[in-house]
Protein chains: 2
Amino acid sequence: MTIKEVCEKYDITPDTLRYYERVGVIPEVNRTKGGIRDFSEEDIKWVENAICMRSAGVPVEMLIEYVRLFQQGDGTLEARRNLLIEARAEVQKQLDKYQSTMDRLNYKISRYDEALKTGILSWDDKQ
Amino acid sequence: MTIKEVCEKYDITPDTLRYYERVGVIPEVNRTKGGIRDFSEEDIKWVENAICMRSAGVPVEMLIEYVRLFQQGDGTLEARRNLLIEARAEVQKQLDKYQSTMDRLNYKISRYDEALKTGILSWDDKQ
DNA sequence: ATATTACTTTGAGTTAACTCCAAGTCAATA
DNA sequence: TATTGACTTGGAGTTAACTCAAAGTAATAT
């Protein structure tokens with residue numbers, strides 16, 4: 001699979017993909033004899049994982065560390081697990097914040113809906 | 001309430017608070033005759049709201065626009081509601097991403113747990 | 001074979017959101 | 001009253017994560 005195809009599949013830019021490879025967010029990608037990237041199924045799984053993790057704010061640094069450990073082989077299994085647990089804790093924390101922001105937005109919007117329907121602004125609608 | 005107290009209450013820096021006021025994420029804050037900020041209850045509600053929204057990635061620009069509309073009075077009720085609905089859609093989208101990242105992390109971690117317990121790496125543990 | 005297009009690399013530039021700095025003012029204490 | 005420490009402003013600097021540009025090479029269409 002070419003870089004273009006991967007980019008279209010996941011709606012990202014070639015620059016981002018090359019950047020990911022350059023800094024090590026994904027391992028080095030297969031190349032043709034001409035030096036052009038030819039993403040294998042495994043490469044694509046790494047890309048998919050990177051995009052998923054990044055979309056939840058997992059830092060590039062953490063993904064680099066994970067790949068680094070992965071490439072060192074089975075001796076790093078526990079270290080990798082610990083890294084994932086750390087990442088999960090962060091993602092969960094953010095998830096909770098997003099949820100409470102949703103609650104706040106829903107409350108505010110319901111107040112606005114009421115105000116717009118009845119013409120009455122209760123104190124809570126201030127702000 | 002002084003800037004220091006507000007910062008301690010919400011665990012942010014004075015620089016961030018001043019920045020929020022400067023760019024309009026919160027309306028201008030009350031001052032003492034000497035020009036020192038003296039946050040009123042209402043000011044603090046604005047701060048709380050800003051921190052909550054920012055923690056869920058609502059852009060500073062959107063918060064500025066909301067305050068701008070708010071200060072124009074009741075004629076902007078609908079515009080403000082629309083802005084909130086727009087923000088909510090974005091937050092929900094992110095929330096969904098965070099949730100699917102959590103699912104992926106939970107799956108991976110469970111695989112690692114198994115591998116560490118049994119000493120067997122199934123294919124899925126790769127990556 | 002030639003022209004066009006897509007790829008390559010390295011390195012610089014951009015963006016949002018802070019974060020820090022310098023110089024000055026004000027308030028509280030010795 | 002002098003000093004200490006917290007506040008003020010305007011503007012510059014930082015950071016993470018891309019994003020773009022320039023110059024060159026390779027693959028494809030005519």
Side-chain angles (χ1 to χ4, degrees), chain A residues 1-26 28-40 43 46-47 49-68 86-87 90-91 94 97-98 101, chain B residues 1-40 43 46-47 49-67 86-87 90-91 94 97-98 101:
Chain A
M1 217 175 186
T2 67
I3 195 170
K4 193 154 185 276
E5 288 166 336
V6 177
C7 286
E8 271 159 14
K9 189 164 154 75
Y10 296 108
D11 194 29
I12 51 173
T13 68
D15 269 320
T16 300
L17 260 190
R18 289 191 205 104
Y19 164 73
Y20 281 173
E21 185 185 8
R22 175 159 38 137
V23 301
V25 162
I26 58 175
E28 293 204 351
V29 174
N30 274 4
R31 304 293 177 117
T32 64
K33 45 255 149 281
I36 289 178
R37 288 175 185 82
D38 180 25
F39 289 77
S40 70
D43 291 331
W46 278 109
V47 170
N49 188 64
I51 290 169
C52 180
M53 293 299 146
R54 285 297 304 127
S55 81
V58 176
V60 159
E61 266 311 320
M62 199 173 252
L63 302 177
I64 292 171
E65 175 68 1
Y66 183 83
V67 169
R68 208 181 59 76
E86 200 187 321
E90 282 304 311
V91 173
Q94 267 311 114
K97 282 185 186 166
Y98 273 73
T101 302
Chain B
M1 218 176 187
T2 68
I3 196 169
K4 193 153 185 277
E5 287 165 338
V6 177
C7 287
E8 272 159 15
K9 188 164 155 77
Y10 295 108
D11 194 29
I12 51 173
T13 69
D15 270 320
T16 300
L17 259 191
R18 289 192 206 103
Y19 164 73
Y20 282 174
E21 185 186 6
R22 176 157 38 135
V23 301
V25 162
I26 58 175
E28 292 204 351
V29 174
N30 275 4
R31 304 294 177 115
T32 64
K33 46 254 150 274
I36 289 177
R37 288 174 184 81
D38 179 25
F39 289 77
S40 69
D43 292 330
W46 278 109
V47 170
N49 188 65
I51 290 168
C52 179
M53 294 299 145
R54 284 297 304 128
S55 81
V58 176
V60 159
E61 266 311 320
M62 200 175 251
L63 302 177
I64 292 170
E65 175 68 2
Y66 183 83
V67 169
E86 199 186 321
E90 282 304 310
V91 173
Q94 268 311 114
K97 283 185 185 166
Y98 274 72
T101 302

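By convention in this document, chain letters (A, B, ...) are assigned in the order of the sequence lines, proteins followed by strands, and residues within each chain are numbered from 1. Worth knowing before you read on, the calculation uses all heavy atoms, side chains too, and leaves out hydrogens, waters and symmetry mates. The structure presented is a predicted model; accordingly, all values stated were derived computationally and were not measured.
The shortest distance between the side-chain N/O atoms of Arg31(A) and the OP1/OP2 oxygens of dT25(D) is not below 4.0 Å. The side chain of Arg37(A) places an N or O atom within less than 4.0 Å of a non-bridging phosphate oxygen (OP1 or OP2) of dT8(C).
Salt-bridge annotation for Glu8(B) and Lys4(B): present, with a side-chain N of the basic residue lying under 4.0 Å from a carboxylate O of the acidic one.
Two residues are said to be in side-chain contact when any heavy atoms from C-beta on lie closer than 4.5 Å; Tyr19(A) and Val60(A) meet this criterion. For the pair Leu63(A) and Arg54(A), the minimum side-chain heavy-atom distance is below 4.5 Å. Between Ile36(A) and Arg31(A), the closest side-chain pair of non-hydrogen atoms is not below 4.5 Å.
Between Ile3(B) atom CD1 and dA27(C) atom P the separation is 16 Å, expressed in whole Å. Between Glu5(B) atom CD and dA6(D) atom P the separation is 13 Å, expressed in whole Å. Spacing between atom CG of Leu17(A) and atom P of dT9(C) amounts to 12 Å, rounded to whole angstrom units. dT8(C) atom P lies 13 Å from atom NZ of Lys33(A), rounded to whole Å. In this structure, Glu21(A) places its CD atom 16 Å from C1' of dC18(D), rounding to the nearest Å.
Taking the nucleotide of DNA chain D with the nearest heavy atom to each of Gly35(A) and Ile36(B), the more 5' of the two is matched to Ile36(B).
Shown here are the salt bridge (charged side-chain N to carboxylate O under 4.0 Å, His left out) partners of Asp38(A), two or more places apart in sequence or in another chain: there are none.
In this structure, the side chain of Glu21(A) does not engage the main chain of Ile26(A) through any donor-acceptor pair within 3.5 Å.
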Annotated protein contacts, base or backbone, on nucleotides 16-21 of chain C with a non-hydrogen cut-off under 4.0 Å, one of B, S, - each = -BBBB-

